[in-house]
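Have a look at the structure below before the remarks.
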Amino acid sequence: MGRPYVTLFGEIMDKFKPYSKSKAPISSLQKLAQTLSIPVDELNEIAALTEDEKYVRKELPKADGSKRVVYSLHPKMRLLQSRMNKRIFKELVIFPPFLFGSVPSKNDGANSNIKRDYVSCAKAHCGAKTVLKVDISNFFDNIHKDLVRDVFNNVLNIRDEALEYVTNLCCKGDFVVQGALTSSYIATLCLYEQEGDIYQRAKRKNLVYTRLVDDITVSSQINGYDFTQILSHIENMLSTHDLPVNKRKTKIFHCSSEPIKIHGLRVDYKSPRLPSDEVKRIRASLHNLKKLAVKNNTKTSIAYRKEFNRCMGRINKLGRVGHGKYELFKEQLLAIKPMPSPRDIAIVEAAVSSLEISCSKGNNNKHWYKRKYNLTLYKLIILTRSKAFDGIVDVFKERLKKVRPA
């Protein structure tokens, strides 16, 4: 009698586990090379780089004054991991419904139109009266190589020499690092074995469980809900993989004391909303930019462009939550776009000349060349905003036609 129960339990749990829709394993370096369109010789060249060549250490300041260590990638490492993201993680993995963040929408088996960003994650908790937020300490730095190997083997169906290769190339030493392109996907998948069980336990108690990379959230529509049991299950799951819980940042929030916010959005409505103070800051940012725009030559400055892009990002957040002021604010912002200056001509000239040299060396079929070409087209856009530059724009366009990527 035990056998059917195990089979039935496995079938129920499988739909809450991520899995690869490809049944064919990637087991050799040759097969990996075909999958990524990178020659085996080049894969071996990448593997031969030293650790410090693969990953260059950087320190970035945190809001609390401490330093966050991140790493930038060697160009060949960046190409490798970019291809892994596009052709393996994004293309092959079917994700369960409770995972958000680095999750492509197109592979959602339940609803191919679902979004998996922070807004959709917050939306899942709308109407919550009590919320548990679990913080994982230094999540990326604690994802061990053994767990990475396990993800590639059991979720992505990668085996043998290909398994050892991708495991080593996605870690620095024994751990995943922030800055590697594959790290967010690995982090999203690393709890695959037990997380579906946690989700089901929560669901049976009428709780909503979500995870956005390293942010675990559980909510209840009951005031003062006791999360002791589900928190114990979550802590046990994390402990199994040596992922420490940050007790100081793990908290329970009640709607009676203040509006509950998840990922910076209020969830005490039918759909997520930006807090009113943030809407005020966006309005003030737009107002300040409009005042700057009327000053002589301000719209041609680099500082103005940075502020414009920052303001656009903020206004786009209004659009994502369907705020009533989004269209008005966007229209007002687009009326004061940054304008070109002679400096931009020099920038585009340098970019086009560099492409011409690279093309003459036969590099126009390289992946990096296409990216460089598209970036040059983007730089050219600002020159089109002034009729005074129409002639030079036409010249640049003709030159770019001759160096298109193969």
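Basis for what follows: all heavy atoms, side chains included, without hydrogens, waters or symmetry-related copies.
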When you compare the side chains of [X] and [Y], does any donor N or O come within less than 3.5 Å of an acceptor on the partner?
X	Y	answer
Ser239	Asn236	no
Asp150	Asn154	yes
Ser301	Arg343	no
Glu349	Ser353	yes

[X], [atom1] atom: more than 12 neighbouring heavy atoms under 6.0 Å:
X	atom1	result
Lys261	NZ	no
Glu331	CD	no
Leu60	CG	yes
Lys145	NZ	yes
Lys379	NZ	yes
Lys31	NZ	no

Next on the checklist: Using side chain to side chain contact (heavy atoms under 4.5 Å, CB included), reason through His144 and Phe175 one step at a time and then give a plain yes or no.
Outcome noted: CA-CA 5 Å; His144 192 270; Phe175 294 92; 3.7 Å; yes
Minimum side-chain heavy-atom gap [X]-[Y] below 4.5 Å:
X	Y	value
Val213	Phe140	yes
Ile336	Val294	no
Asp197	Phe16	no
Glu193	Lys17	yes
Pro272	His263	no
Leu79	Trp368	no
Asp135	Arg248	no
Phe329	Cys311	no

To the closest 0.5 Å, what do you measure between [atom1] ([X]) and [atom2] ([Y])?
X	Y	atom1	atom2	result
Leu207	Leu132	CG	CG	9.5 Å
Ile26	Phe152	CD1	CZ	10.0 Å
Lys290	Leu333	NZ	CG	9.5 Å
Leu377	Phe396	CG	CZ	12.0 Å
Leu191	Ile198	CG	CD1	9.5 Å
Ile315	His323	CD1	NE2	11.5 Å

Please name the pair of heavy atoms, one in [X] and one in [Y], separated by the smallest distance, quoted to 0.1 Å.
X	Y	result
Cys170	Thr182	SG-OG1, 3.4 Å
Thr130	Ile260	N-CD1, 4.2 Å
Phe139	Cys190	CZ-SG, 3.7 Å
Val177	Ser183	O-OG, 2.5 Å
Ala47	Lys54	O-NZ, 3.5 Å
Tyr304	Ala293	OH-CB, 3.5 Å

Checklist entry - What pairs of residues pass the salt bridge (Lys or Arg N to Asp or Glu O under 4.0 Å) test when at least one of them lies in residues 156-167, not counting sequence neighbours? => result Arg149-Glu164
So that I can tick it off, tell me whether [Y] and [X] are bridged by a salt bridge, with the cut-off set at under 4.0 angstrom between side-chain N and carboxylate O.
X	Y	result
Asp344	Arg305	yes
Glu53	Lys76	no
Glu356	Arg399	yes
Glu327	Lys330	no

Item to check | side-chain contact (heavy atoms from CB on, under 4.5 Å) partners for Glu278, two or more places apart | outcome: Leu274, Pro275, Arg281, Ile282, Lys317
Checklist entry - Hey, mind stepping through Ile262 and Lys133 against side chain to side chain contact (heavy atoms under 4.5 Å, CB included) and telling me if it holds? => result CA-CA 9 Å; Ile262 295 175; Lys133 295 182 182 180; 4.2 Å; yes
Next on the checklist: According to side chain to side chain donor-acceptor pair (under 3.5 Å), who are the partners of Ser37, at least two apart in sequence or on a separate chain?
Outcome noted: Arg87
Item to check | Criterion side chain to side chain contact (heavy atoms under 4.5 Å, CB included) on Leu380 and Leu383, from CA distance to verdict | outcome: CA-CA 6 Å; Leu380 185 60; Leu383 290 177; 3.9 Å; yes
Next on the checklist: Run Ile88 and Leu36 through side chain to side chain contact (heavy atoms under 4.5 Å, CB included) and show every step you take.
Outcome noted: CA-CA 9 Å; Ile88 297 177; Leu36 303 180; 4.3 Å; yes
[Y] backbone acceptor or donor facing [X] side chain under 3.5 Å:
X	Y	value
Asn142	Leu243	no
Tyr373	Leu400	yes
Arg116	Leu99	yes
Lys370	Ala406	no
Thr250	Asn246	yes

Next on the checklist: Under the criterion side chain to side chain donor-acceptor pair (under 3.5 Å), I'd like the reasoning laid out for Asp117 against Ser120: C-alpha separation, chi angles, the key distance, then a yes or no.
Outcome noted: CA-CA 6 Å; Asp117 62 1; Ser120 296; 3.3 Å; yes
Item to check | Candidate list His125, Arg201, Glu195, Lys203, test side chain to side chain donor-acceptor pair (under 3.5 Å), partner Tyr209, passing option | outcome: Glu195
